[in-house]
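The next block holds one structure in the form of C-alpha cells; read it before the comments.
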Amino acid sequence: MPELPEVEVCRLGISPHIIAQTVSKVTIRDSRLRWPIPDEIHSVVGLQVLGVDRRAKYLLLRFKTGTLLLHLGMSGTIRIIEHDTPIVKHDHFDLAFQHGKVLRFNDPRRFGAVLWLANDEDKLGLLSKLGPEPLSDDFSQGYLFHKAKNRKVPIKTFLMNNHIVVGVGNIYANEALFQAGILPTAKTGAIDEQRLDRLTNIIKKVLSAAIAQGGTTLKDFTQADGRPGYFAQSLMVYGRAGQPCVTCQSKLQEIRQSNRSSVFCPNCQQD
DNA sequence: CTAGACGCCTGCGGGC
DNA sequence: TGCCCGCAGGCGTCTA
C-alpha cells in the first residue's frame, strides 16, 4: 500500500484518535513480520501517546520511555476500530486504549515492521542513514544536482534511493519524472541543474497533491477510517502502459528497472 | 564508496 | 471452474 503520501494519510487519520490516550493492552497475535515483533512493546501499557510522527515511511508513536516504530511494508494497513471488531486474517497486533478504541495492524505479505526504540536509540540504523524528507526545506534547490554528481544510475533508481531522498516509491517516481519531462532511464549525472531543480519542485507538488487527496488506492489501501484515497484518478503514467499520453496521445511505454516497472511517454520525456 | 541482484511473503488477475 | 504464472505500493542484505 504505502508510499510517503499513504503513510502520511495514515498518520493524519490515526493521530486524533490516539494522541494523549493511554494504552490499556498490547496484543501480539502473530509476531512474524520483517523482524519479529519484540515483547518489549508490552512496556507501553499504562503510558500515554505523546505524539505521532513520521520519518520517511516509518510511523513513530512517541511515549515517555521510547518510540513504537511502525512500517507498513508493501501490504500493511493500520485501522482505528472498536475493541470488539472481529479479528481477520493477517491481523498481527493490537494497541488497545483506555477509551475503548484499538489500533490494529494487518499485513498479509509481512514486509512491514513493528519495533521498539528506547529513547535516543536506533539500533538497526533504520532512521539515521536516511536522506531528507521531500516535503522539507532540506530537500532544496541544488540538492539533487549536488548528489547527482558522477552518478551513473538511471534517475528513477536514484530517486527511489532512501539515502538520497526518502518516501519516493515506484508510483510517485514514475509520476514525477513524467511531469518533469525526464526519461526514467536518463543517466543521473548527466541531467543539468535546472531540470533537477524542476524535478525537485514537482516531487513536492505530486506528493502534496496525493496527501491532499487521501493517497492512492490501487486495490487495498484505505485511510484509517476505511475510506479509499482518490489520487489514483490523478495518475498520468503509473498503471497506464499502452494507453495514450494525457499530453500528446503517444502510446505510453513500460520497461523494468531494478525489477520495478517504469512507465513513460517516449515523446514527452527526454534524457 | 557505488551498483546491481536477491530474497522475503501472500494474494490476485490473466491466460490457458 | 481450476491451475499456473507473473506481478504487486518496500527495503535490508549480500556480492562485486
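Side chains included, hydrogens not; waters and symmetry mates left out as well; all remaining heavy atoms used. Remember, predicted model here, so these are calculated numbers, not experimental data. Every chain is numbered from 1, with letters handed out A, B, ... down the list of sequences.
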For the side chain of [X], starting at C-beta, report the closest nucleotide among [options].
X: A:Arg151; options: B:dA3, C:dA8, B:dG11; result: B:dA3
X: A:Ile171; options: C:dG9, C:dG12, B:dT2; result: C:dG9
X: A:Tyr238; options: C:dG12, B:dG11, C:dA8; result: C:dA8
X: A:Glu3; options: B:dT10, C:dG12, C:dG10; result: C:dG10
X: A:Met74; options: C:dG9, B:dA3, B:dG11; result: C:dG9
X: A:Val153; options: B:dG4, C:dA8, C:dG10; result: B:dG4
X: A:Tyr58; options: C:dG12, C:dG9, B:dC9; result: C:dG12
X: A:Asn162; options: C:dC11, B:dC9, C:dG10; result: C:dC11

[X] and [Y]: side-chain donor and acceptor closer than 3.5 Å?
X: A:Arg62; Y: A:Thr67; answer: yes
X: A:Lys101; Y: A:Gln21; answer: no
X: A:Asn106; Y: A:Lys89; answer: no
X: A:Thr216; Y: A:Tyr172; answer: yes

Could you tell me the separation between the [atom1] atom of [X] and the [atom2] atom of [N], rounded to a whole number of Å?
X: A:Lys57; N: C:dG10; atom1: NZ; atom2: P; answer: 4 Å
X: A:Glu175; N: C:dG9; atom1: CD; atom2: C1'; answer: 13 Å
X: A:Asn161; N: B:dT2; atom1: CG; atom2: C1'; answer: 10 Å
X: A:Leu130; N: C:dC11; atom1: CG; atom2: C1'; answer: 11 Å
X: A:Lys147; N: B:dC1; atom1: NZ; atom2: P; answer: 11 Å
X: A:Glu254; N: C:dG6; atom1: CD; atom2: P; answer: 15 Å
X: A:Lys156; N: B:dG4; atom1: NZ; atom2: C1'; answer: 14 Å
X: A:Met160; N: C:dG12; atom1: CE; atom2: P; answer: 13 Å

Quiz item: With side chains defined as the heavy atoms from C-beta onward, is the minimum distance between A:Glu193 and A:Gln141 less than 4.5 Å?
Solution: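 A side-chain contact under 4.5 Å is absent here.
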
Quiz prompt | Pairing partner of C:dG9 (Watson-Crick or G-U wobble, both distances under 3.5 Å) | solution =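 C:dG9 is unpaired by these criteria.
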
Quiz item: Across all strands shown, which nucleotide pairs with B:dC9 by Watson-Crick or G-U wobble geometry, both distances under 3.5 Å?
Solution: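 By the stated definition (distances under 3.5 Å), nothing pairs with B:dC9.
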
Any [X] side-chain N or O less than 4.0 Å from OP1/OP2 of [N]:
X: A:Lys89; N: B:dG11; value: yes
X: A:Lys152; N: B:dT2; value: no
X: A:His71; N: C:dG10; value: no
X: A:Arg256; N: C:dA8; value: yes

Practice problem: For A:Ser258 and for A:Arg109, locate the closest nucleotide of DNA chain C by heavy-atom distance; then report the residue assigned to the nucleotide nearer the 5' terminus. | Solution: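 Here A:Arg109 is the residue nearer the 5' end.
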
Exercise. Please state the P separation for the pair B:dC6 and C:dG6 - nearest whole angstrom.
Key: 15 Å

Self-check item: Separation of the C1' atoms in C:dG9 and B:dA3, to the nearest angstrom
Solution: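 Each nucleotide's C1' atom is 23 Å from the other's.
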
Self-check item: Verify stack between A:Phe111 ring and C:dC11 base, 5.5 Å, 30 degrees
Solution: no

Practice problem: Look at all strands and tell whether A:Ser261 reaches a base, only sugar-phosphate, or nothing, counting heavy atoms closer than 4.0 Å. | Solution: sugar-phosphate

Quiz item: Between the side-chain atoms of A:Arg260 and the base atoms of C:dA8, is any donor-acceptor pair under 3.5 Å?
Solution: no

Quiz prompt | Distance-only donor-acceptor test, A:Arg110 side-chain atoms vs B:dC9 base atoms, 3.5 Å | solution =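 By the distance-only test, no, there is no pair.
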
Quiz item: Do the ring planes of A:Tyr143 and A:Phe139 sit parallel (below 30°), tilted (30 to 60°) or perpendicular (above 60°)?
Solution: perpendicular

Self-check item: Whichever of A:Arg34 and A:His90 has its nearest DNA chain B nucleotide further upstream toward 5'
Solution: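 Checking each residue's closest nucleotide, the 5'-ward one belongs to A:Arg34.
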
Quiz item: Would you say A:Ile14 and A:Val114 are hydrophobically clustered, going by side-chain heavy atoms of ILVMFWY under 4.5 Å?
Solution: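 Yes, A:Ile14 and A:Val114 fall within the same hydrophobic cluster.
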
